[in-house]
There are 2 protein chains.
Amino acid sequence: MDMMRKDIHNSEVPVVCRSCEARHGGVCGVLTPQQLVELSKHSTRKVVHAGNEVVGQGERVASYSNILKGVIKLSKMMADGRQQIVGLQFAPDFIGRPFHHESTLTAEAATDTEVCVFPKPIIERLVSESSNLEHQLHNQALKELDEARDWMLTLGRKTAQEKVASFLYLIATHLDPEKGESMTYELPLSRADIADFLGLTIETVSRQMTKLRKDGVIQIENNRLVTVPDMDRLSRAAGND
Amino acid sequence: MDMMRKDIHNSEVPVVCRSCEARHGGVCGVLTPQQLVELSKHSTRKVVHAGNEVVGQGERVASYSNILKGVIKLSKMMADGRQQIVGLQFAPDFIGRPFHHESTLTAEAATDTEVCVFPKPIIERLVSESSNLEHQLHNQALKELDEARDWMLTLGRKTAQEKVASFLYLIATHLDPEKGESMTYELPLSRADIADFLGLTIETVSRQMTKLRKDGVIQIENNRLVTVPDMDRLSRAAGND
DNA sequence: GATGCAATTTGATTGAAGTCAAAGAGCATG
DNA sequence: CATGCTCTTTGACTTCAATCAAATTGCATC
């Protein structure tokens with residue numbers, strides 16, 4: 001990564017902020033060297049452990065962050081405690097909205113996570129200066145919108161079996177975008193989180209996982225380690241035909 | 001409206017495109033007079049009757065449009081015919097995405113609709129020229145994202161009763177944003193569409209409407225005309241505490 | 001106002017997912 | 001390696017919404 005950076009730019013100006021270190025993508029990817037120098041002065045790298053909140057529902061948002069590592073879950077909660085996960089964010093996604101000061105949802109680390117945090121005024125100034133950056137954020141919003149709408153179809157019209165398969169497929173494709181025929185990965189969510197993402201109960205998720213295992217669509221070790229021998233078969237089980 | 005326009009601008013330059021006529025908002029609202037002149041040369045006003053497609057799922061998109069009047073439903077369909085409405089668009093929303101050439105969903109008129117249509121290259125040039133316009137589209141995308149996520153909570157975690165009440169509340173607030181205590185309106189969707197929006201069957205929607213009527217939360221005339229005597233009560237029935 | 005058709009409602013029954021309860025695994029800690 | 005804890009699975013039973021099957025209503029047309 002470091003080598004590539006040198007090859008392309010062949011100079012001493014930074015191409016990522018100090019806190020992000022060698023990671024491209026996210027906000028850093030579209031800034032000028034001068035903007036990166038400025039950003040580096042105010043950004044800090046932070047570790048957020050699984051289960052900790054990044055931003056609470058209804059809270060004032062004082063900072064923005066790039067995800068460097070791990071998975072963040074975005075969720076909404078009703079007054080009586082019913083909860084729905086409305087999105088998952090992976091590196092190098094951006095958390096927070098310039099010029100919107102109140103969050104309508106809770107962002108919480110699903111796994112242990114590393115983020116690069118900037119103060120609000122800095123990122124807002126960069127957005128005003130750089131139409132590139134707004135374009136980048138606009139594109140992420142459109143990607144999130146597409147994902148949200150795909151998930152609405154899953155929530156509204158799929159069976160419990162298809163929902164669980166859809167979830168396993170979604171995670172697989174996000175963790176490894178080059179799709180081979182088979183793959184093995186660590187689930188970033190507990191059964192309770194999966195249930196909240198799928199609009200099901202823990203017990204139903206468990207039963208459907210067992211069924212998919214018995215049918216040979218997946219193998220499971222230690223509750224979290226999933227092997228998908230045939231991605232196309234999983235996709236079919238998810239109802240994506 | 002025309003009078004207001006004159007008062008504010010006091011000149012002969014257009015403030016909306018020819019086809020949109022006196023309507024502000026949507027794309028027109030953020031363009032310069034020169035851009036509006038340019039846009040007017042290529043835009044056409046079009047009537048789309050209820051049930052007709054504006055853009056089909058997977059089709060190449062050759063144009064963009066502003067909704068002037070009526071309601072457009074955005075939906076996704078599975079191979080076996082199961083359908084989910086993933087969004088409703090009202091005037092003056094914009095339909096279409098600059099630089100994305102394939103639609104991932106179907107846009108269909110729910111009611112008789114009027115739209116102002118522009119060819120793709122025109123709007124893409126205007127977006128490149130005007131950061132204002134991208135900002136406007138970005139904001140609409142964020143609004144749609146918020147609405148999609150709110151609806152995910154409804155789809156995943158609410159009961160049939162709460163879903164139907166949520167729908168009636170959603171339509172009421174979109175058709176008349178100044179919320180009085182009571183209101184009467186024409187439903188823009190059939191029972192079948194409501195079912196597809198809520199992830200329910202027609203029969204369940206009907207039963208829950210009947211129940212809300214018998215409980216005095218709403219009154220219904222001629223299937224489509226709904227009166228809500230107490231919006232707060234409807235909101236509570238929708239689970240929005 | 002009678003006719004025909006689609007949209008909506010209502011009823012009887014079934015079934016998928018939820019609830020309640022208990023047992024079993026996984027994983028830290030002393 | 002026993003202890004205590006949480007997380008997950010499994011089992012028995014219930015319930016809410018789906019399905020299947022008529023009625024009924026609304027509405028355009030003759």
Side-chain angles (χ1 to χ4, degrees), chain A residues 49-52 73 78 80-85 110-112 154-168 186-215 218-226 237 239, chain B residues 49-51 73 78 80-84 110-112 154-168 186-215 218-226 237 239:
Chain A
H49 289 288
N52 290 336
K73 57 187 197 204
M78 292 173 66
D80 63 5
R82 280 177 284 176
Q83 199 175 27
Q84 176 68 44
I85 293 180
T111 61
D112 288 349
T154 300
L155 288 173
R157 288 302 183 198
K158 292 190 183 175
T159 64
Q161 177 86 191
E162 290 169 332
K163 284 180 175 184
V164 172
S166 295
F167 170 75
L168 294 169
E186 185 101 3
L187 277 179
L189 267 61
S190 67
R191 299 292 185 273
D193 281 342
I194 298 171
D196 280 343
F197 193 32
L198 294 170
L200 298 172
T201 58
I202 297 176
E203 294 93 327
T204 298
V205 170
S206 176
R207 277 186 253 270
Q208 297 304 333
M209 296 268 280
T210 301
K211 179 144 196 312
L212 288 170
R213 185 169 49 70
K214 285 184 178 163
D215 292 351
I218 54 168
Q219 288 142 246
I220 308 176
E221 282 169 83
N222 297 338
N223 291 335
R224 291 277 190 139
L225 196 68
V226 174
Chain B
H49 289 288
K73 56 186 199 206
M78 293 173 65
D80 62 5
R82 281 177 284 176
Q83 198 175 26
Q84 177 67 44
T111 63
D112 288 349
T154 300
L155 288 172
R157 289 302 185 199
K158 291 189 183 175
T159 63
Q161 177 84 190
E162 289 169 332
K163 283 181 176 183
V164 172
S166 296
F167 170 76
L168 295 170
E186 185 101 4
L187 277 179
L189 268 60
S190 67
R191 299 292 185 273
D193 281 343
I194 298 171
D196 280 343
F197 194 30
L198 294 170
L200 298 172
T201 58
I202 298 175
E203 295 93 324
T204 298
V205 170
S206 176
R207 276 186 252 272
Q208 297 304 334
M209 297 268 279
T210 302
K211 181 147 194 311
L212 288 170
R213 185 168 51 69
K214 285 184 178 162
D215 292 351
I218 54 169
Q219 289 141 244
I220 309 176
E221 280 168 83
N222 297 339
N223 291 336
R224 290 279 188 137
L225 196 67
V226 173

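Every value quoted in this text rests on a predicted model; they were computed, and no experiment measured them.
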Contacts of type side-chain hydrogen bond (donor to acceptor under 3.5 Å, both in side chains), residue T154(A), not counting sequence neighbours: none
Min side-chain heavy-atom separation L168(B)-L187(B) under 4.5 Å: yes
DNA chain D contacts made by residues 200-208 of chain B, counting heavy atoms under 4.0 Å: L200(B), T201(B), E203(B), T204(B), R207(B)
Spacing of I220(A) atom CD1 relative to dT8(D) atom P, expressed in whole Å: 11 Å
Where L155(B) and F197(B) come nearest, the two heavy atoms and their spacing: CD2-O, 3.6 Å
Contact letters for nucleotides 24-29 of chain D, in which S counts primed atoms plus P, OP1 and OP2 and B counts the base, heavy atoms under 4.0 Å: --S---
side-chain hydrogen bond (donor to acceptor under 3.5 Å, both in side chains) partners of Q208(B), counting only residues at least two apart: Q161(B)
Value in whole Å for how far the C1' atom of dA18(D) lies from CZ of R191(B): 19 Å
Which residues share a side-chain contact (heavy atoms from CB on, under 4.5 Å) with A50(B), sequence neighbours left out: D112(B)
Rounded distance (Å) that lies between atom P of dC16(D) and atom CD of E162(B): 12 Å
Whole-Å gap separating P (dA18(D)) and CZ (R157(A)): 8 Å
Closest non-hydrogen atom pair between T204(A) and A160(A), with its separation: CG2-CB, 3.7 Å
Side-chain donor/acceptor of E162(B) to backbone N/O of A237(B), under 3.5 Å: no
Pairs touching residues 200-212 of chain B that satisfy salt bridge (Lys or Arg N to Asp or Glu O under 4.0 Å), sequence neighbours left out: K211(B)-D215(B)
Any residue meeting side-chain contact (heavy atoms from CB on, under 4.5 Å) with D80(B), in chain and number order, not counting sequence neighbours: M78(B), R82(B)
Contact interval (first through last nucleotide) of DNA chain C with protein chain B, 4.0 Å heavy-atom: dT8(C) to dA12(C)
For I220(A), all residues meeting side-chain contact (heavy atoms from CB on, under 4.5 Å), sequence neighbours excluded: R191(A), M209(A), R213(A), I218(A)
Heavy-atom side-chain contact between V205(A) and K163(A) under 4.5 Å: no
side-chain contact (heavy atoms from CB on, under 4.5 Å) partners for D193(A), two or more places apart: K73(A), I85(A), L189(A), S190(A)
Overall bend - the helix from dG1(C)-dC30(D) to dG30(C)-dC1(D), comparing terminal axes fitted on five pairs, nearest 10 degrees: 40°
Separation of atom NZ in K211(A) from atom P in dG11(D), rounded to whole Å: 15 Å
Whole-Å distance separating the CG atom of D196(B) from the P atom of dA18(D): 12 Å
Residues which pass side-chain hydrogen bond (donor to acceptor under 3.5 Å, both in side chains) with T111(B), listed by chain and number, not counting sequence neighbours: none
